[in-house]
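Have a look at the structure below before the remarks.
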Amino acid sequence: MNAGSKYEAVIGLEVHAQLLTESKNFCGCANRFGAPPNTQTCPVCLGLPGVLPVLNRKAVEYIVKTGLAFHSKIAPESRFARKNYFYPDLPKGYQISQYESPVCEGGRVEIVVDGEVRNVLLHRIHLEEDAGKNIHEGSADVSRVDLNRAGVPLMEIVSEPELRTPEEAVAYLKKVRNTLRYLNVCDGNMEEGSFRCDANVSIRPAGSDALGTKAEIKNVNSFRFVKQAIACEVERQIAVVEEGGRVVQETRLFDSARGVTVSMRSKEEAHDYRYFPEPDLVPLVLDRAQVEAWARELPELPDAKRERFAREYGLSEYDAAFLSEERAAADYFEETVRLSGQPKAAANWIMGDLTRFLNEAGGEIAASPVTPERLAGMLDLVENGTISGKIAKAVFEEMFKSGKDAAGVVKEKGLVQVSDAGEIERVVEQVLADNPNELAAYRGGKEKLFGFFVGQVMKKSGGKANPAKVNEILKAKLQPPG
Ligand code: ADP
Ligand code: MG
Ligand code: ZN
């Protein structure tokens, strides 16, 4: 949708986040991804008759901490409800969820898009359980059911319909995911499905306050697809309206191969979940003192960290935002600063070469072969003049590939910077002798050639000459004799 469009998009997101608890939400089965099918089940999560659910205390702690992080109101008392539907991955025939009284109400998520800060309001956050998984791969005419996931604690974070562009939706999702990872309540793995998103999309005439009829796009499993799915759904709805039609309320799926959304079921076919109170669970009553204790345990979150990085280390807004986005990168940065005392240089190396090499190698910063200690060691060598910034590039690459420390690489490859004036003078004289025409031109007023001479000297020294010294000596030698 371009800027001059007659329409405005309205987007609301429902995020499902699996909680990183040891056990499932209502039984003692392990909550672990990737185990052989149906090895993590028991009578409770299989929905056998005569069993009773018992709420996982850790799941409560995690959802409350999430609510506190997003400034939600934490309900002193909330209730569980049964959401009824029939599907083979749901052995009980209902999902334990929350309906009228969720654990968290309201709240907000701060996003920054194009340098502009916006607060996106949350509707609610509630606690529920995941369903199992139907597996269709492996055979053309059989589907199988894996119930390891059935009963895994799931938190649903519902935004108000406050997002306006696919970019805002992605910024919101990233912020939610990063915050959950900071809190260590969800690993945010979209590929494995521990962080999933349904996107509700409608359009309306630009400037209108009314809400149009929405379509819900189910389970979009990457940031890129979320952006694409919303963009094509908006385009589709505009085309429908422009052709004189009406958008109908329905559930759609994103076909990433074709880059379109396709209808899955319309409102007429929609489920009537027949919610009713879960009779097997007492209301969840939260002790005020307990909630306050959890509030004190919250780590410093991305927004606060971003502000502190800018203030304490003099970083630009962009750098502070980049380095505070992921907790692992923020920790890496601060450890490097602690060891080197060089915040700006640390930021530049982390955002530049380290990020590039990690991306190429597909690695996580927490497992980087160049540890904060080693990066700090290299920064020391640059600061004390042992190596130049240029050599540092080569040293860094070698450190990354070999896992060695900077001093070791420098020694092994003989990369120590040459600062000895006599040695540099010899190279400068050689360069001037080799380039008489350029020398004459320079002395004739073509001062732009200075850079050419610097380049030649650096090249001849194998990049090892101290650049500051080279500049100083060249300036003196380029003066006309006499
Ligand atoms: P449902 O009952 O269909 O689940 P809800 O009112 O609970 O709908 O809202 C679900 C999500 O859809 C929320 O994130 C909400 O912000 C979003 N939403 C609601 N109405 C609209 C709309 N007209 N356009 C876009 N998103 C909407
Ligand atoms: Mg919904
Ligand atoms: Zn179980």
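Every number for a ligand or one of its atoms is a count from 1 in the order of the listing.
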From Thr213, Val10, Val120 - option closest to atom 25 (C) of ligand 1 by heavy atom: Val10

Angle, SG of Cys42 through the Zn ion (ligand 3) to SG of Cys29 - 10° precision: 100°

Sub-4.5 Å side-chain heavy-atom contact between Glu162 and Arg118: yes

Atoms in ligand 1 with a heavy atom of Glu160 nearer than 4.0 Å: 16 (O)

Parallel, tilted or perpendicular, as decided by the 30° and 60° cut-offs, for the rings of Phe322 and Tyr318: tilted

Check: Asp187/Ser194 side-chain N/O donor and acceptor closer than 3.5 Å: yes

Ligand-side contact atoms (ligand 1) for residue partner Val158, heavy atom cut-off under 4.0 Å: 13 (C), 14 (O)

Phe276-Tyr94 aromatic ring centre distance below 6.0 Å: no

Atoms in ligand 1 with a heavy atom of Leu13 nearer than 4.0 Å: 14 (O)

Sidechain N-carboxylate O distance under 4.0 Å for Arg181, Glu326: yes

Residue-ligand contact Glu14/ligand 1, heavy atom below 4.0 Å: yes

Nearest-option assignment for atom 23 (N) of ligand 1, heavy atoms, candidates Gly212, Pro161, Ser159: Gly212

Donor-acceptor pair between Thr251 and Glu216 side chains, under 3.5 angstrom: no

Glu216-ligand 1 polar pair, N/O distance under 3.5 Å: no

Pair Phe333 and Tyr313, ring centroids less than 6.0 Å apart: yes

Leu211: numbered ligand 1 atoms lying under 4.0 Å from its heavy atoms: 23 (N)

Where the Zn ion (ligand 3) is the vertex, angle from Cys45 SG to Cys27 SG to 10°: 110°

